[in-house]
Chemist: 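Provided herewith is a single structure, encoded as structure tokens, for subsequent inquiry.
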Protein chains: 2
Amino acid sequence: MLKKLHTPRPVDLAADGIRDEILSGRIAPGERLPPERKLAETLGINRQTLRAALARLQAEGLVEPRQGSGITVLNWRETAGVSLLPHLVAAGDLTLLEPFLRLRRAITAEIVASACKRVTDQELDERDQMANTLVSETDLDRLAKGNIAFSRRLVQLTENLPIELLFNTFAAIYASREDLQAAMLRNPDTLRAVFPAIVGLLRQRQPEMARQIVLQVLTSLDENLVAATRAKPDL
Amino acid sequence: MLKKLHTPRPVDLAADGIRDEILSGRIAPGERLPPERKLAETLGINRQTLRAALARLQAEGLVEPRQGSGITVLNWRETAGVSLLPHLVAAGDLTLLEPFLRLRRAITAEIVASACKRVTDQELDERDQMANTLVSETDLDRLAKGNIAFSRRLVQLTENLPIELLFNTFAAIYASREDLQAAMLRNPDTLRAVFPAIVGLLRQRQPEMARQIVLQVLTSLDENLVAATRAKPDL
DNA sequence: ATTGGTTGAATGGTATAACCAATTTGGAGG
DNA sequence: CCTCCAAATTGGTTATACCATTCAACCAAT
């Protein structure tokens with residue numbers, strides 16, 4: 001049940017390669033990529049395959065082609081969307097961890113606060129049961145999966161589609177780097193303690209108080225995580 | 001200086017068409033798209049062009065092709081990223097406004113709180129000057145642009161790349177629907193009053209207090225905006 | 001010399017056809 | 001009924017040609 005390690009596809013190699021050129025700054029914003037025909041020859045792939053790769057980069061907000069003119073490299077810090085985040089963390093930039101966690105806990109606080117307003121008694125019981133199952137979960141892999149599932153259910157409670165989509169991007173980040181998830185599971189007890197705590201907050205139905213508590217608690221947890229990864233840079 | 005209204009390109013039409021089919025639910029998650037060859041013929045375009053359109057949808061997390069098997073439609077509520085948001089609001093779903101604003105103000109509060117910790121005296125003076133310019137700005141278009149610029153500068157203060165990227169997505173939404181931005185400018189005075197208020201919060205350098213105030217104020221403003229758009233559904 | 005339009009090259013967008021690679025399907029053989 | 005293999009199905013890639021847009025060089029008229 002290991003990862004597929006099929007021969008990497010040309011389109012993936014091309015997209016990753018060009019993306020790396022842009023993100024590293026070796027191709028500056030405002031510059032233009034070589035013409036497709038030339039670039040394809042350089043990369044040793046067909047022009048159509050190259051175009052497929054370029055389509056991805058365009059969707060990510062890194063480049064903008066213009067017929068007759070060329071393909072200009074955009075200033076991705078001002079044009080790229082959150083979809084770029086998984087690629088950035090995949091590149092291994094550890095300084096992204098702290099900012100990312102900061103964003104995540106702001107969102108999480110909003111989620112819990114919003115859920116406080118909408119949660120029904122039935123939902124409360126279901127989450128309570130789910131939390132009880134998770135606190136006694138010993139298998140770390142299932143604990144991680146349960147964490148995602150619990151969080152997603154919480155998100156769905158808010159009936160906030162934009163937040164749901166943002167959560168999906170977060171989940172994609174975890175998926176792209178298992179080591180990140182592993183780091184979060186370094187001391188599983190703290191994670192296990194989170195679920196009942198959240199249920200307790202939901203039960204009180206005091207949104208703003210819940211928001212502040214979540215912010216406080218997560219800030220403390222995240223600081224530990226950052227410190228731990230700094231000590232062990234193998235993440 | 002109007003919009004280019006060149007003949008819409010086949011790849012755009014195809015991508016938008018298929019995306020709409022998926023988002024509207026006419027193609028259910030788990031189902032498979034017709035084979036590329038057949039679908040291309042149906043749409044009256046070439047297979048390569050169709051593949052370019054499919055590449056976008058894949059980047060957005062709507063479909064997942066598998067060689068030999070077919071192209072399966074994903075459950076986009078669980079797989080799509082925030083990059084889908086502009087397309088959703090472009091589709092005209094007004095119920096998205098309130099959730100979106102809720103997310104936006106949670107982020108904004110985090111931005112201001114984070115900026116409180118990092119702002120330098122020099123930055124403070126520059127933002128103060130910028131705010132003073134904006135409060136007396138009468139041209140609505142320039143006010144809107146100044147708003148974006150002011151906000152972006154604030155985001156950059158946080159030195160939080162994930163939040164920067166998220167902000168870019170928000171900016172893309174405004175760009176995709178000018179009417180949304182117009183709605184926010186309906187009573188410009190409230191917007192103009194925001195800039196000095198934020199500078200005042202930065203000056204106090206009390207992050208958590210700033211967060212709560214921003215949340216309170218924006219909640220009030222956003223409620224008015226939602227109510228206004230409900231009254232005038234022309235947004 | 002400046003302005004204006006024209007022409008041609010450069011470059012991204014689309015079309016057609018063929019072949020490769022992974023998957024699925026269905027029948028032969030046990 | 002099960003297993004296994006071969007053919008059909010389907011996405012991935014290559015090759016080639018042509019269309020549409022942009023831009024620069026050039027030329028002519030003022």
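The chains referred to below are lettered A, B, ... by the order of the sequence lines, with proteins before strands, and numbering in each begins at 1.
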Chemist: Between the base of C:dG13 and the side chain of A:R47, is one N or O donor paired with an acceptor at under 3.5 angstrom?
Modeler: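 Such a pair is found, so the answer is yes.
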
Chemist: Does A:R127 pair with A:E123 as a salt bridge, N-O distance under 4.0 Å?
Modeler: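 A salt bridge is present here (some side-chain N lies under 4.0 Å from a carboxylate O).
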
Chemist: I need the CD-P distance between A:Q58 and C:dG12, as an integer number of Å.
Modeler: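 To the nearest whole Å, that distance equals 12 Å.
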
Chemist: Taking the side chain of A:P10 as its heavy atoms from C-beta onward, which of D:dT13, C:dT14, D:dT10 lies nearest to it?
Modeler: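 Nearest to the side chain of A:P10 among the choices is D:dT13.
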
Chemist: Tell me whether the OP1 or OP2 atom of C:dT23 has a side-chain N or O from B:R66 closer than 4.0 Å.
Modeler: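 Checking B:R66 against C:dT23: no side-chain N or O falls below 4.0 Å of OP1 or OP2.
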
Chemist: Decide whether B:Q156 and B:R153 meet the rule of one side-chain donor and one side-chain acceptor closer than 3.5 Å.
Modeler: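 On atom types as modelled, these side chains qualify, holding a pair under 3.5 Å.
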
Chemist: Expressed in angstrom and rounded to an integer, what is the separation of A:I71 atom CD1 from D:dT21 atom P?
Modeler: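 In whole Å, D:dT21 P lies 18 Å from A:I71 CD1.
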
Chemist: Taking atom P of C:dT11 as reference, at what distance in whole Å does atom CG of A:L33 sit?
Modeler: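 So the two atoms are 12 Å apart, to the nearest Å.
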
Chemist: Within this structure, what is the CD-to-C1' distance between B:Q67 and C:dA22, rounded to whole angstrom?
Modeler: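 Computing the B:Q67:CD to C:dA22:C1' distance gives 5 Å.
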
Chemist: On DNA chain C, nearest-nucleotide positions of B:N46 versus B:R32: which is more 5'?
Modeler: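 Here B:N46 is the residue nearer the 5' end.
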
Chemist: So, under a plain 3.5 Å distance rule, would you say the side chain of B:E36 forms a donor-acceptor pair with the base of D:dT9?
Modeler: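 There is none.
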
Chemist: Taking B:S69's backbone N and O only, do any of them form a donor-acceptor pair with B:R32's side chain (distance below 3.5 Å, no angle check)?
Modeler: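 Confirmed, B:R32 side chain pairs with B:S69 backbone.
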
Chemist: Return no unless some side-chain N or O of B:S69 is found under 4.0 Å from OP1 or OP2 of D:dT9.
Modeler: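 No.
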
Chemist: My understanding is that a pair needs two contacts under 3.5 Å, Watson-Crick or G-U wobble. By that rule, which nucleotide pairs with D:dT30?
Modeler: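 For D:dT30, the partner nucleotide comes out as C:dA1, under the 3.5 Å rule.
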
Chemist: Taking C-beta and beyond as the side chain, do A:W76 and B:N168 meet within less than 4.5 Å on heavy atoms?
Modeler: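 No, side chains not in contact.
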
Chemist: If you find the nucleotide of DNA chain D closest to B:Q48 and the one closest to B:R37, which residue's nucleotide is nearer the 5' end?
Modeler: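 Looking at DNA chain D, the more 5' nearest nucleotide goes with B:R37.
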
Chemist: Answer with yes or no whether B:R51 presents, from its side chain, a donor or acceptor under 3.5 Å of a partner atom in the base of D:dG11.
Modeler: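 Between D:dG11 and B:R51, which were checked side chain against base, a qualifying N/O pair under 3.5 Å is absent.
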
Chemist: Rounding to an integer number of Å, can you tell me how far A:E64 CD sits from D:dT21 P?
Modeler: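 Answer to the nearest Å: 16 Å.
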
Chemist: Rounded to the nearest Å, what distance is computed from the CG atom of residue A:L54 to the P atom of nucleotide C:dG13?
Modeler: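 Whole-Å distance recorded here is 9 Å.
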
Chemist: Would you kindly give the CD-to-C1' distance between A:E41 and D:dT14, to the nearest whole Å?
Modeler: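 Checked: the CD to C1' distance equals 14 Å.
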
Chemist: Would you please confirm or rule out a distance under 4.0 Å between OP1 or OP2 of C:dG13 and any side-chain N or O of B:T49?
Modeler: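 Looking at the OP1 and OP2 atoms of C:dG13, neither is under 4.0 Å from any side-chain N or O of B:T49.
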
Chemist: Does A:E41 CD have over 12 foreign heavy atoms under 6.0 Å away?
Modeler: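 Open.
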
